[in-house]
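Data first, discussion second: the structure below is written as structure tokens.
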Amino acid sequence: MALKLTTLALALGVTAVSLPAAAEQAQQTRRGNETLKKYCTGDYLNYCGNLAPEDPALDVCFEKNWKSLSENCRRAIDAYQATQNPKGGKRG
């Protein structure tokens, strides 16, 4: 099953954008959650930092490097995907 990490890429919020509080809260929902930011930003920088967060190739990069990602990042991705797709199976 292919990873759908476009939302993860946006969740990382690597680019600094100044938003008013209400707009920031709306962006938070679209971008993912703080757990993804906390546990996957380092992996993003280590393995896929040459890609823009909104680049569709980021999905492929995270998929390619899945086994190299930190355990905490993999768990955060699995948990996030489970909330986004409750019927989807857990990654093995």
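Keep in mind the model is a prediction, meaning the values are calculated, not measured. When reading the values below, keep in mind they use all heavy atoms of this one structure, side chains included, and skip hydrogens, waters and symmetry mates.
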When you measure from the side chain of Thr41 to the backbone N and O of Lys38, does any donor-acceptor pair fall under 3.5 Å?
-> no
Atom pair CG (Asp43) and CZ (Arg74), whose distance is rounded to the nearest 0.5 Å | 9.0 Å
Where Thr35 and Ala76 come nearest, the two heavy atoms and their spacing | CG2-CB, 3.9 Å
Is there a side-chain contact between Ile77 and Trp66 (heavy atoms, below 4.5 Å)?
-> yes
Euclidean distance, Ser68 OG relative to Tyr47 OH, rounded to 0.5 Å = 4.5 Å
Minimum heavy-atom separation for Leu51 to Cys61, with atom names?
-> CD1-CB, 3.8 Å
Which atoms form the tightest heavy-atom contact between Phe62 and Cys73, and what is the distance?
-> CE2-SG, 4.3 Å
State, with a plain yes or no, whether a side-chain heavy atom of Leu69 is found less than 4.5 Å away from one of Cys40.
-> no
Check: Pro53 and Tyr44 side chains under 4.5 Å, non-hydrogen atoms = yes
